[in-house]
A.B. asks: 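Starting off with a structure, shown below.
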Amino acid sequence: MTEQESGRRSNGRRLTPYRQWQQGEGIPISEGSYVADLYTLEVVPWARTGQRGAFVNLAGQEQDDAYVLEIAPGQQTEVLHHLFEATAYVLEGRGATTFWQEGQPKQTVEWQRGSLFSPPLNAFYQHFNLDGQRPARLFAVTNAPMVMNMFRNPGFVFDDRYVFDDRYDGRDDYFADTGHSTSAREWQTNFVADLRAFQLVDNPGRGVGNARMGFSLSDNQMAAHMSQFPPGTYKQAHWHGVGAHVIILGGQGYSLLWFEGEERRKVDWKDGSVLSPREREYHQHFNTGQGPARYLALRLGNLDTQHRQMVEDWSGGREGSSFYSGIPYDAEDPAIYEQYV
């Protein structure tokens, strides 16, 4: 990373409040569009959490960010509390997280490899590794950059005590309820025990054999969706707004990334890889493995359900959207298919 302690980048531009805070955390920062392996990404002691961590800042943007948190065998994090949202995916290990509002009873949910959850806004929480032999590793996507740059005061972001009881009321089944469908391919829940075992719904608009499910967690604005496509196939090329972190859950293959009129870049992926296209950057995912490829996209969301439905029902080539655009198979560059074959 090229930032300097003076608070300016090497090119002379002043650091944003978010970047200044991030630099002060003293942990590694991965940038670019792609991280090959989150399981082996270098992590170092992170004082704020009491464990080890690293930032993942992809796609050259400050709308959302991500971090990897590793919890030592049998250990726990410090108590965490912040005025930004986070969606956490368990890369490996088994453990538990305790949640509470100030002055209210605590609730604990146990998690494992493949679990997905989102701490309620501004609630207190603490992660525990229940395995005394192996570390646990979590990957979380947050909207911290937007919140930090809006308030420009880390003390307020981490120390404000306002209770959002409309988001989290502490009811007994808050994390135990398995959730319910809100539309054909959207699921409302506060905890998913195992994403790899979660049943998806056919989504032919993205290609033959494609399946999908979107998730809304803890009444937060951050969103997620999971997609799967069969061997011997690839997704339609498309672009959308910035900030989607695509984590590979299973299978192997590659993705192409490009802006219109520019040369395509190829990145190979496997379980544990993550990529994040830039604003309006075309991307296309290709399954080269023997079985289905499944991925999870953690991203900024939109509480407008009509807007979510429009995106969910999108099919390649729809005109008139400033948020999402795709290339139908019959309109793509033939070289893409030739490369895949």
Side-chain angles (χ1 to χ4, degrees), residues 18 48-49 63-67 69 77-90 95-111 115-128 138-151 153-183 186-193 195 213-226 243-245 296-309 311:
Y18 167 74
R48 183 175 301 278
T49 68
Q63 295 191 34
D64 59 1
D65 70 349
Y67 63 81
L69 175 65
T77 65
E78 299 288 350
V79 173
L80 306 175
H81 167 256
H82 44 73
L83 197 58
F84 55 81
E85 297 178 354
T87 306
Y89 162 66
V90 181
T97 300
T98 298
F99 305 90
W100 69 97
Q101 301 278 29
E102 194 165 38
Q104 299 296 319
K106 296 182 177 182
Q107 291 182 306
T108 299
V109 60
E110 293 192 14
W111 41 257
S115 294
L116 181 72
F117 59 93
S118 184
L121 184 63
N122 218 30
F124 294 87
Y125 64 101
Q126 188 173 23
H127 300 304
F128 299 83
L138 284 68
F139 178 76
V141 173
T142 88
N143 60 2
M146 291 194 301
V147 174
M148 287 278 188
N149 289 336
M150 178 184 298
F151 293 111
N153 188 313
F156 174 69
V157 171
F158 289 100
D159 297 335
D160 178 68
R161 291 298 196 267
Y162 184 81
V163 175
F164 291 85
D165 52 11
D166 57 331
R167 301 277 195 106
Y168 176 46
D169 57 11
R171 66 181 187 272
D172 292 341
D173 66 345
Y174 190 87
F175 293 104
D177 186 353
T178 57
H180 61 276
S181 174
T182 58
S183 67
E186 291 289 331
W187 195 260
Q188 174 75 48
T189 187
N190 298 321
F191 178 71
V192 180
L195 288 169
M213 182 59 71
F215 299 98
S216 179
L217 297 149
S218 300
D219 201 23
N220 283 340
Q221 183 264 351
M222 299 295 293
H225 72 267
M226 186 164 53
H245 294 71
L296 170 70
L298 299 179
R299 54 184 173 77
L300 297 171
N302 191 313
L303 294 179
D304 180 348
T305 55
Q306 186 176 18
H307 174 84
R308 286 207 306 266
Q309 188 67 46
V311 174

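Just so you know, these numbers use all the heavy atoms, side chains as well, and skip hydrogens, waters and symmetry mates.
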A.B. asks: Are His127 and Thr49 close enough, and set up right, to give a side-chain contact (heavy atoms from CB on, under 4.5 Å), and what steps lead you there?
C.D. replies: CA-CA 9 Å; His127 300 304; Thr49 68; over 6 Å; no
A.B. asks: Hey, what do you get for CG (Leu80) to CG (Leu69), rounding to the nearest 0.5 Å?
C.D. replies: 7.5 Å
A.B. asks: Side chains of Thr77 and Tyr125: closer than 4.5 Å at any heavy-atom pair?
C.D. replies: no
A.B. asks: If we only count heavy atoms from C-beta on, is the Thr142 to Val147 side-chain gap below 4.5 Å?
C.D. replies: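 They are not in side-chain contact.
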A.B. asks: Within this structure, what is the CD-OG1 distance for the pair Gln126 and Thr108, rounded to the nearest 0.5 Å?
C.D. replies: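 If we round to the nearest 0.5 Å, Gln126:CD and Thr108:OG1 are 9.5 Å apart.
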A.B. asks: Could you measure the distance from the CG atom of Asn143 to the CG atom of Leu83? Nearest 0.5 Å is fine.
C.D. replies: 9.0 Å
A.B. asks: Rounded to the nearest 0.5 Å, how far does CG of Leu116 lie from CG of Leu296?
C.D. replies: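 Taking CG in Leu296 and CG in Leu116, the distance rounds to 6.0 Å.
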A.B. asks: Quick one: are Tyr89 and Val192 in side-chain contact, heavy atoms under 4.5 Å?
C.D. replies: no
A.B. asks: Side-chain contact, heavy-atom cut-off 4.5 Å: Phe99 with Phe175?
C.D. replies: yes
A.B. asks: Name all residues meeting the side chain to side chain donor-acceptor pair (under 3.5 Å) criterion together with Gln107; count only those two or more places apart in sequence or in a different chain, and write none if there are none.
C.D. replies: Tyr168
A.B. asks: Hydrogens and angles aside, do His81 and Asn122 bring a side-chain donor and acceptor to less than 3.5 Å of each other?
C.D. replies: yes
A.B. asks: Applying the side chain to side chain donor-acceptor pair (under 3.5 Å) test to Arg299, which of His245, Gln63, His225 qualifies?
C.D. replies: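 Testing Arg299 for a side chain to side chain donor-acceptor pair (under 3.5 Å) against His245, Gln63, His225 leaves exactly one candidate, His225.
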A.B. asks: Could you state the interatomic distance from NE2 (His82) to CG (Asp159), rounded to the nearest 0.5 Å?
C.D. replies: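 Interatomic distance, His82 NE2 to Asp159 CG, rounded to 0.5 Å: 12.5 Å.
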A.B. asks: Do you know which two heavy atoms are closest between Ala223 and Gly301, and how far apart they sit?
C.D. replies: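 That closest heavy-atom pairing would be CB-CA, 3.7 Å.
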A.B. asks: How far apart are the closest heavy atoms of Asp169 and Tyr174, and which atoms are they?
C.D. replies: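 Heavy atoms of Asp169 and Tyr174 come nearest at OD1-CD1, 4.1 Å.
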A.B. asks: For the CD atom of Gln104 and the CG atom of Asp165, what is their distance to the nearest 0.5 Å?
C.D. replies: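 Gln104 atom CD to Asp165 atom CG measures 9.0 Å (nearest 0.5 Å).
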A.B. asks: Can you give me the closest heavy-atom contact between Ser218 and Asn190, atom names plus distance?
C.D. replies: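 Ser218 and Asn190 have their closest heavy atoms at N-OD1, 2.9 Å.
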A.B. asks: Might you point out which heavy atoms bring Ala86 and Pro119 nearest each other, and give the distance in Å?
C.D. replies: O-CD, 3.2 Å
A.B. asks: Return yes when atom CG of Asp173 has more than 12 non-hydrogen atoms of other residues, nucleotides or ligands closer than 6.0 Å, and no otherwise.
C.D. replies: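 Yes, the 6.0 Å shell around CG holds more than 12 heavy atoms from other groups.
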A.B. asks: Give the minimum heavy-atom separation between Ala224 and Leu298, together with the two atoms involved.
C.D. replies: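 For Ala224 and Leu298, the tightest heavy-atom pair comes out as CB-CD2, 3.5 Å.
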A.B. asks: Is there a side-chain contact between Phe215 and Ser118 (heavy atoms, below 4.5 Å)?
C.D. replies: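 No. Closest side-chain heavy atoms not under 4.5 Å.
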A.B. asks: Is a side-chain donor or acceptor of Glu85 paired with a backbone partner of Gln221 at a separation under 3.5 angstrom?
C.D. replies: yes
A.B. asks: For residues Asp65 and Val141, determine if any side-chain heavy atom of one lies less than 4.5 Å from a side-chain heavy atom of the other.
C.D. replies: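 Not in contact.
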A.B. asks: So, for Gln188 and Asp219, which heavy atoms are closest and what is the spacing to 0.1 Å?
C.D. replies: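 So the two residues come closest at NE2-N, 4.2 Å.
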A.B. asks: Do Asn220 and Arg167 have side-chain heavy atoms sitting under 4.5 Å apart?
C.D. replies: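 Result yes, sub-4.5 Å side-chain heavy-atom pair found.
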A.B. asks: Does the side chain of Phe128 come within less than 4.5 Å of Trp111's, by heavy atoms?
C.D. replies: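 A side-chain contact is absent here, since even the closest heavy-atom pair is not under 4.5 Å.
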A.B. asks: Can you spot which of Tyr18, Phe156, Phe84 makes a ring pair (Phe, Tyr, Trp, His ring centres under 6.0 Å) with Phe151?
C.D. replies: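 That would be Phe156; it is the only one of Tyr18, Phe156, Phe84 passing the ring pair (Phe, Tyr, Trp, His ring centres under 6.0 Å) with Phe151.
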A.B. asks: Look at the aromatic rings of Phe191 and Phe117 and report parallel, tilted or perpendicular, splitting at 30° and 60°.
C.D. replies: tilted
A.B. asks: Is Asn149 reaching over with its side chain to a backbone N or O of Pro145, donor-acceptor style, under 3.5 angstrom?
C.D. replies: yes
